[in-house]
Protein chains: 2
Amino acid sequence: MTTTDPQQEDAILRGFMGYRLKRAMNVFSSNLAVVLKPFDLRMITFSTLASVVNTPGVRLSQLAEILSVERPNLVAIVDELQKRNLIERKRDPNDRRAFGLFPTKAGQTLLHEAMQNVDVSERKILETFSDADMEHLTSLLAKIETAAKG
Amino acid sequence: MTTTDPQQEDAILRGFMGYRLKRAMNVFSSNLAVVLKPFDLRMITFSTLASVVNTPGVRLSQLAEILSVERPNLVAIVDELQKRNLIERKRDPNDRRAFGLFPTKAGQTLLHEAMQNVDVSERKILETFSDADMEHLTSLLAKIETAAKG
DNA sequence: ACAAAATAGTTATTTCCCATAACTATAACA
DNA sequence: TGTTATAGTTATGGGAAATAACTATTTTGT
């Protein structure tokens, strides 16, 4: 196809790190969508399930904060995962307002299969990256995150 | 690093480059939204306007491809920018199916003011980055993009 | 030359993402 | 004990993203 365009229509945007970051992100997020599709998971349901498996008993509000999702938006996600019997809500006996979120056996199994596939697909994308490249990229991205907090 | 910090509910996700990339991206995209708000621009209207200023006469379909937006979704964006008198559609005399998109004077002025502000805000985020850091990050992100195509 | 296929732009529709206000029930606090 | 804060939720709306299908042209194949 004719991608031999000498004049890059987005040249003016290439000067922004945010734009370059977004384009790189798109590679991962569209890949993720494809990989998760067979599991009937999306990015948000995947990361929610992963966090619940990682931290059994976690509260919805904790999850919302760590995943940068508004609490109301997470309710439907948790509902969906619970309806599919991948996680469950258990009333906290010490705080009857709250639920702890726990993975079911099925949830753990599904997550680990999905994670395995995501991992393989990411390795494919990053196949030309040296260990030093990986470490450097990871460190630079972390630096951006901390820059936002300080 | 497989150390599971009980404080980090997303520890399991930190192992994925896509997740780390997304978190870094969020810093830029939420910053962008704030910076563009006074101009009544969003990420998509900003990048569309920028591309039109960068490449006067560009077609909607070219824009859709370069910006990774589906053509139908770009129609409303172009409508919006045209209604605000920032760009205009001009029939291509050599291909009466197509329009060339051109910036108005107002569009150019608004874009340059907005770009100036975006640039300043990005510099703030990247304030602790050395020139070498910037070059390295840019090169690693470009490597991800090319990995997706090849 | 002309029918078939491709292209540019568009409309319509659907699903999902993201943000906010407001409600309930409990808990913490002063 | 009465006020305030917190956890979860409902409802709502705007915006992003994907797809099917249409009109008007242009290109292509024979």
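All of these numbers come straight from a predicted model, not from anything done at the bench. Every chain is numbered from 1, with letters handed out A, B, ... down the list of sequences. Side-chain atoms are counted along with the backbone in the values below, which use heavy atoms only and exclude waters and symmetry mates.
Atom CG of A:Asn94 and atom P of C:dA25 are 21 Å apart (whole Å). Here the C1' atom of nucleotide D:dT6 and the CZ atom of A:Arg91 are 13 Å apart, to the nearest Å. The distance from atom CG of A:Asp92 to atom P of C:dT26 is 13 Å, rounded to the nearest whole Å. In this structure, CZ of B:Arg59 is placed 10 Å from P of D:dT26, rounded to the nearest angstrom. If you measure from atom CZ of B:Phe46 to atom C1' of D:dA16, you get 18 Å, rounded to the nearest angstrom. Going from atom CG of A:Leu74 over to atom C1' of D:dA7 covers 12 Å, rounded to whole Å. B:Phe99 places its CZ atom 12 Å from the C1' atom of D:dT23, with the value rounded to the nearest Å.
Taking hydrophobic clusters as Ile, Leu, Val, Met, Phe, Trp and Tyr residues chained together by side-chain heavy-atom distances below 4.5 Å, B:Val35 does not share a cluster with A:Leu21. One hydrophobic cluster, built from ILVMFWY side chains closer than 4.5 Å, holds both A:Leu63 and A:Leu41.
From one end of the helix from C:dA1-D:dT30 to C:dA30-D:dT1 to the other, with five pairs defining each end axis, the axis direction shifts by 30° (rounded to 10°).
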_What does the B/S/- profile of nucleotides 16-22 of chain C look like, 5' to 3', with a 4.0 Å heavy-atom cutoff to protein?_
SSBBBB-
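Geometrically, B:Lys22 does not engage A:Phe28 in a cation-pi contact defined by less than 6.0 Å to the ring centre and at most 45° from the axis.
Proximity of A:Leu32 to B:Phe16: side-chain heavy atoms (C-beta onward) are nowhere separated by under 4.5 Å.
Residue A:Arg97 places none of its side-chain N or O atoms closer than 4.0 Å to OP1 or OP2 of D:dG8. For the pair A:Arg96 and D:dT6, the criterion of a side-chain N or O lying under 4.0 Å from OP1 or OP2 is not met.
A donor-acceptor pair is defined here as one N or O able to donate and one able to accept, closer than 3.5 Å; such a pair exists between the side chain of A:Asn54 and the backbone of B:Gln8. In this structure, the side chain of A:Ser121 engages the main chain of A:Val118 through a donor-acceptor pair within 3.5 Å.
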